[in-house]
Amino acid sequence: SHKMIVSGDGGFLTTDNQELFERAVRFHDLGMIRPAFAQQLESPVITKPIPGMQWRMNELSGAVALAQIRKLPGVIEKTQKFSAILRKSIKDEFPDLKFRAVLPENDLGIIVAFDLGNQENAAYFKKAYEAEGLVYGPTSYCQTMDKIDVVRSCLEDAGMYNPEDFIKTEEIVNRFAIISILPVYTENDVKEIALGIKKVCRAMESRGRLLNV
């Protein structure tokens, strides 16, 4: 429900960088490059063998993935359309509300995020929004869309974490409201979400809470 497409197990990577492609192939398949992958190269192999894993996708998952990827353009078109409808609906009533800045060509439309000014306002919004019976936040349990814990822990493990690099990050992340747009939603679902958001924002305004800074 919270991925653009799913294949049951496994996944795929696309790239036009030959070195990256070779390293990915080696890492997922015992450090080697089998003939089926070598045939996809535009020039002779440029990488050396490396320690690899056994992460080959099985045929059934591969068949599902191929069927799913054919649906991907339509799925993205739908989520982009719904997120645009939601943003416009909110902006029509709250024109000063600031949304997450993202280039249209980089936005899959699976979340709509807006700045509520501070963490207290964001927490208030979340509680009131959920009281309307609506689902708040990313649907993925790992919540990597609005949490930096994973990024921090990875950098710490690599000995690369520097607190000075993240002085403003947590404060910025924690003041945003995150609303998911799932491919299975309908236009009526999006209308219900918009109504819930605007109802909570009106309540916040009536209580003198700033919606953004």
Side-chain angles (χ1 to χ4, degrees), residues 1-4 75-156 160-213:
S1 64
H2 55 266
K3 307 293 185 186
M4 298 305 293
V75 171
I76 294 175
E77 181 181 1
K78 183 178 182 181
T79 52
Q80 287 177 332
K81 173 187 173 182
F82 284 175
S83 63
I85 290 173
L86 182 58
R87 281 194 297 267
K88 182 180 185 304
S89 178
I90 299 168
K91 288 284 282 185
D92 284 346
E93 185 164 345
F94 300 95
D96 295 329
L97 197 63
K98 298 175 184 176
F99 288 82
R100 179 183 67 129
V102 58
L103 295 173
E105 61 268 28
N106 296 335
D107 187 11
L108 292 176
I110 56 176
I111 66 166
V112 171
F114 45 92
D115 188 351
L116 291 172
N118 56 56
Q119 186 172 355
E120 182 183 3
N121 283 350
Y124 179 96
F125 178 92
K126 177 179 184 296
K127 183 177 180 180
Y129 184 78
E130 290 178 334
E132 294 296 314
L134 297 165
V135 178
Y136 177 86
T139 56
S140 173
Y141 177 75
C142 59
Q143 295 189 318
T144 48
M145 291 180 184
D146 68 339
K147 302 296 181 187
I148 65 168
D149 299 2
V150 176
V151 176
R152 185 193 298 114
S153 64
C154 288
L155 290 173
E156 287 174 344
M160 298 170 60
Y161 178 69
N162 178 8
E164 296 297 317
D165 294 335
F166 296 90
I167 293 176
K168 296 183 179 181
T169 305
E170 288 203 58
E171 185 273 326
I172 293 172
V173 168
N174 288 333
R175 74 189 192 209
F176 270 82
I178 307 287
I179 306 296
S180 292
I181 302 293
L182 303 184
V184 295
Y185 281 175
T186 65
E187 289 200 32
N188 282 335
D189 292 327
V190 176
K191 289 177 182 177
E192 289 293 327
I193 290 170
L195 289 172
I197 291 172
K198 291 188 285 188
K199 180 178 179 180
V200 174
C201 286
R202 289 188 210 108
M204 293 177 70
E205 276 195 328
S206 69
R207 289 166 172 76
R209 291 180 178 272
L210 296 175
L211 292 180
N212 51 14
V213 291

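- To the nearest 0.5 Å, the span separating CZ on Phe166 from CD on Glu171 amounts to 15.0 Å.
- Residues forming a ring pair (Phe, Tyr, Trp, His ring centres under 6.0 Å) with Tyr129 (at least two apart in sequence, or on another chain): Phe125.
- For the atom pair OH of Tyr136 and CD1 of Ile197, the computed distance is 10.0 Å after rounding to the nearest 0.5 Å.
- Looking at every heavy atom in both residues, Leu97 comes nearest to Asp115 through CD1-O, 3.7 Å.
- Between Gly196 and Leu134, the shortest heavy-atom contact is CA-CD1, 3.7 Å.
- Atom CD1 of Ile181 and atom CG of Leu86 lie 5.0 Å apart (nearest 0.5 Å).
- The main-chain N or O of Leu116 is found under 3.5 Å from a side-chain atom of Asn121 such that the two form a donor-acceptor pair.
- Between the Ser89 side chain and the Ile85 main chain, no donor and acceptor come within less than 3.5 Å of each other.
- Taking the salt bridge (Lys or Arg N to Asp or Glu O under 4.0 Å) definition, one finds that Lys198 meets it with nothing, sequence neighbours left out.
- Here the CG atom belonging to Asn188 is positioned 11.0 Å from the CD1 atom belonging to Ile193, to the nearest 0.5 angstrom.
- Residues passing the side chain to side chain contact (heavy atoms under 4.5 Å, CB included) test with Asp189, sequence neighbours excluded: Tyr185, Thr186.
- Side-chain contact check for Ile179 versus Phe114: some heavy-atom pair is nearer than 4.5 Å.
- A search for side chain to side chain donor-acceptor pair (under 3.5 Å) contacts involving Arg202 returns Glu93, not counting sequence neighbours.
- Every residue meeting the salt bridge (Lys or Arg N to Asp or Glu O under 4.0 Å) condition with Lys126, not counting sequence neighbours, appears here in chain and number order: Glu130.
- Residues passing the side chain to side chain contact (heavy atoms under 4.5 Å, CB included) test with Glu156 are Arg152, Tyr161, sequence neighbours excluded.
- Judged as a salt bridge (Lys or Arg N to Asp or Glu O under 4.0 Å), and not counting sequence neighbours, the contacts of Glu132 are Lys199.
- Counting only distance, with no hydrogens or angles, the side chain of Ser180 and the backbone of Ile111 share no donor-acceptor pair below 3.5 Å.
- By the side chain to side chain donor-acceptor pair (under 3.5 Å) test, Glu120 is found to be paired with no residue, residues two or more places apart in sequence or in another chain being considered.
- Checked against side chain to side chain contact (heavy atoms under 4.5 Å, CB included), Ser153 has no partners two or more places apart in sequence or in another chain.
- Here the closest heavy-atom approach between residue Ala122 and residue Phe176 is recorded as CB-O, 4.2 Å.
- The salt bridge (charged side-chain N to carboxylate O under 4.0 Å, His left out) pairs that include a residue from residues 75-89 are Lys81-Glu187, Arg87-Asp107, Lys88-Asp92, where partners are two or more places apart or lie in different chains.
- The distance from the CD1 atom of Ile167 to the CD1 atom of Ile172 is 11.0 Å, given to the nearest 0.5 Å.
- Applying the side chain to side chain contact (heavy atoms under 4.5 Å, CB included) test to Leu103 and every residue at least two apart in sequence or in another chain returns Glu105, Asn106.
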